[in-house]
Amino acid sequence: MDLYEYQARDLFRKHGVPVLGGGIATTPEQAQQVASALFKEGSDLVVVKAQVKIGGRGKAGGVKRAYSPQEAAEHARAILGMDIKGHTVGMVLVCDGVDIAQELYFSVLLDRATRGYMALCSREGGVDVEALVQEHPQALARLAVDPCTGMTAQAAARIARAAGLEPGEVADRVAAVIVRLWKVLTAEDATLVEVNPLALTVDGRLLALDGKVSLDDNARFRHPDHADLVDTAAVDPLEARAKAVGMGYVRLEGEVGVLGNGAGLVMSTLDVVAGAGRRHGEMRPANFLDLGGGSSAQAMATGLGIVASDPQVRAILVNVFGGITSCDTVAHGIVDAVTSLEETDKPIVVRLDGNNAEAGRQILAEAALEGVTVVDTMDEAAQTVTAIAHTLSQQPTGTAEPAEFPEPAEIKEA
């Protein structure tokens, strides 16, 4: 889970990382109130910053200085609702402004390749780290961090020196902040903690002016308070619906809904559907949905309801290999879903194999469900479902005429 800047700032403050004061606002009036409080506390400058989970805010006009509460409100009015690289700004952070003497960069992230962590530090902060790597790779110091020993004071001092900071008070203070940022990473079960810039101000303060934090969702059970950090407005409603019933669902951009039991089988199905779709109007998978290895008939019905409720889905492929869950159980779930749920009115192609596959096919044959096609192989299923989706995509919107779908045998011959 990626955090907004203000959420990262709050975690930094919690673990002793120096940050600026301020507050969030969702209206110009709230921005004016926050700015008024900051000016009363002695600020002579505030900054209004768009809260979006993507970089490039400043270049897009999402970061503005204000010298009065009224000006802060005007900037908030201009920024709220702004589109920044496909992200709509719904809130702003109004914080103190400072005079910067030097900008540094620091991050520490999970390095899966080495099964450890990698710390990055540079004297050239305030710029895109990607551009820094391309244009001045020598300016970015790297240090592998052993998860067993962690970021010790000695290791922090070492990477500060490697970044070009001369030994002395500033380097010592930077090293101390690095140790605290490591505490953020480990204490909050994060996979990324980044500060850009870590600024040395004209008046001698060292402050984390902007931060990024990515939390490991797999560790959320250890952090009940992380539930408050979830951006419910940005969560896809179908993903939330699937998560609530314990299903793994990821929404994609295609037209073919995909369900299967087991992540490996579903991933393979996505590949096969994408390949078949090249022959049928470039139809693509619309989602990943893993029902789980021990899914029940009810789980199948629920999964079908979720996938079918996606308006971009034109046809659905159910690909199940019976193991713990037998295929007859899956078939009963399909029958229940199609006969009882209004949202499952889209064509469904079913491929069953493994435990009790014949019994499952027999159940579907006896049910004679309209719009349900049963095939023998995964390749045949992919060809059939993409052909059906393509046929529906060519049908005029709102037409009352039912589409005539090609039979699996016709597709195989083609």
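Nothing here was measured: the structure is a model prediction, and the numbers come from that model.
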## Note on the structure
On a heavy-atom basis, the closest approach of Val145 and Ala119 is CG2-CB, 4.1 Å
### Message
So Gln102 and Ile100, do their side chains get closer than 4.5 Å, heavy atoms only?
### Response
no
### Query
What do the steps show when you test His332 against Val335 for side chain to side chain contact (heavy atoms under 4.5 Å, CB included), and what is the final call?
CA-CA 5 Å; His332 283 302; Val335 173; 5.6 Å; no
### Query
Ignoring hydrogens and geometry, is there a side-chain-to-backbone donor-acceptor pair from Asn261 to Phe321 under 3.5 Å?
yes
### Task
Look only at the side chain of Lys346 and the backbone of Ala308, and say whether a donor-acceptor pair between them is shorter than 3.5 Å.
yes
#### Entry: Set of residues satisfying salt bridge (Lys or Arg N to Asp or Glu O under 4.0 Å) with respect to Lys85, sequence neighbours excluded
none
### Message
So Leu207 and Leu20, do their side chains get closer than 4.5 Å, heavy atoms only?
### Response
yes
#### Entry: Lys14: partners by side-chain contact (heavy atoms from CB on, under 4.5 Å), with sequence neighbours left out
Leu11, Glu188, Asp225
### Query
Is a side-chain N or O of Arg279 found less than 3.5 angstrom from the main chain of Gln383, in a donor-acceptor match?
no
#### Entry: Exercise: identify the closest heavy-atom pair between Arg13 and Gly21
NH2-CA, 4.3 Å
### Message
Pairing donors with acceptors under 3.5 angstrom, does anything connect the side chains of Thr114 and Asp111?
### Response
yes
### Message
Restricting to salt bridge (Lys or Arg N to Asp or Glu O under 4.0 Å), what partner residues turn up for Asp353, sequence neighbours left out?
### Response
Arg351
### Pro18 side chain reached by Val177 side chain, heavy atoms, under 4.5 Å
yes
### Task
Answer yes or no: is there a donor N or O on one side and an acceptor on the other, between the side chain of Asn196 and the main chain of Tyr105, under 3.5 Å?
no
### Query
Got a sec, which residues hit side-chain hydrogen bond (donor to acceptor under 3.5 Å, both in side chains) with Arg251, two or more places apart in sequence or on another chain?
Asp236, Asp310
### Query
Do Val273 and Leu270 touch side chain to side chain, with heavy atoms closer than 4.5 Å?
no
### Query
Can you list the steps and then say if Ile334 with Leu364 is a side chain to side chain contact (heavy atoms under 4.5 Å, CB included)?
CA-CA 8 Å; Ile334 295 172; Leu364 293 175; 4.0 Å; yes
#### Entry: Heavy-atom side-chain proximity of Ile316 to Val385 below 4.5 angstrom
no
#### Entry: Non-hydrogen atoms of Gly257 and Val313 that approach each other most closely
N-CG1, 3.8 Å
### Message
Quick one: does any side-chain atom of Asp83 pair with a main-chain N or O of Gly86 as donor and acceptor, under 3.5 Å?
### Response
yes
### Carboxylate-amine/guanidinium proximity below 4.0 Å for Arg57 and Glu5
yes
### Message
Can a side-chain donor-acceptor contact be found between Gln362 and Glu358 if the only test is distance below 3.5 angstrom?
### Response
no
### Donor-acceptor side-chain pairing of Asp379 and Thr377 below 3.5 angstrom
no
### Query
Between Glu74 and Arg77, does at least one N-O distance fall below 4.0 Å, as a salt bridge requires?
no
### Query
Does any N or O in the side chain of Gln312 come within less than 3.5 Å of the main-chain N or O of Leu252, such that one atom is a donor and the other an acceptor?
yes
### Message
Could you check whether Thr191 and Asp216, counting side-chain N and O atoms only, form a donor-acceptor pair closer than 3.5 Å?
### Response
no
### Task
Output, in order, the C-alpha distance, side-chain angles, deciding distance and verdict of side chain to side chain contact (heavy atoms under 4.5 Å, CB included) for Asn287 and Val250.
CA-CA 6 Å; Asn287 67 271; Val250 178; over 6 Å; no
#### Entry: Reported CE-to-CZ distance for the pair Met267 and Phe288, which is rounded to 0.5 angstrom
6.5 Å
### Task
Apply side-chain contact (heavy atoms from CB on, under 4.5 Å) to Gln7 and list each qualifying residue two or more places apart in sequence or on a separate chain.
Leu3, Tyr4, Leu229
### Task
Looking only at non-hydrogen atoms, find the nearest pair between Val372 and Val350 and report the distance.
CG1-CG2, 4.0 Å
### Message
Distance check, rounded to the nearest 0.5 Å: Trp182 atom CH2 versus His15 atom NE2?
### Response
13.5 Å
### Exercise: identify the closest heavy-atom pair between Ile159 and Cys121
CG1-CB, 3.8 Å
### Message
With rounding to the nearest 0.5 angstrom, report the CE to CG distance, Met1 to Asp217.
### Response
6.0 Å
#### Entry: Side chain His75, main chain Arg65, donor-acceptor under 3.5 Å
yes
### Query
Is there side-chain contact between Val46 and Phe39, with heavy atoms separated by less than 4.5 Å?
yes
#### Entry: Smallest separation among heavy atoms of Leu259 and Gly303, with atom names
CD2-C, 3.4 Å
### Query
Among side-chain atoms of Thr302 and Gln298, is any donor-acceptor pair under 3.5 angstrom?
yes
### Task
Could you check Arg222 against Asp189 for salt bridge (charged side-chain N to carboxylate O under 4.0 Å, His left out), going step by step and ending with a plain yes or no?
CA-CA 9 Å; Arg222 287 198 288 260; Asp189 278 311; 3.1 Å; yes
### Query
Do the side chain of Ser309 and the main chain of Gly305 share a donor and acceptor less than 3.5 angstrom apart?
yes
### Query
Got a second to check how far Ile306's CD1 is from Met247's CE, nearest 0.5 Å?
5.5 Å
### Task
Answer with yes or no whether the side chains of Ser36 and Gln32 bring together a donor and an acceptor at under 3.5 Å.
no
### Task
Show the numbers, then the answer: is there a side chain to side chain contact (heavy atoms under 4.5 Å, CB included) between Phe106 and Val193?
CA-CA 8 Å; Phe106 176 78; Val193 171; 5.9 Å; no
### Query
Quick one: does Glu255's side chain have a donor or acceptor within less than 3.5 Å of a partner on Pro285's backbone?
no
### Query
Is any side-chain heavy atom of Leu215 closer than 4.5 Å to a side-chain heavy atom of His226?
yes
### Query
Between Thr27 (side chain) and Gln30 (backbone), is there a donor-acceptor pair under 3.5 Å?
yes
### Query
Is the closest side-chain donor-acceptor distance between Arg284 and Thr386 under 3.5 Å?
no
### Message
Which residues pass the salt bridge (Lys or Arg N to Asp or Glu O under 4.0 Å) test with Arg161, not counting sequence neighbours?
### Response
none
### Query
With side chains defined as the heavy atoms from C-beta onward, is the minimum distance between Glu380 and Asp376 less than 4.5 Å?
yes
### Task
Could you tell me the separation between the NZ atom of Lys212 and the OG atom of Ser107, rounded to the nearest 0.5 Å?
10.0 Å
### Task
Can you establish whether the number of heavy atoms outside Arg278 located under 6.0 Å from its atom CZ is more than 12?
no
### Query
What distance do Leu80 atom CG and Met91 atom CE have between them, rounded to the nearest 0.5 Å?
9.5 Å
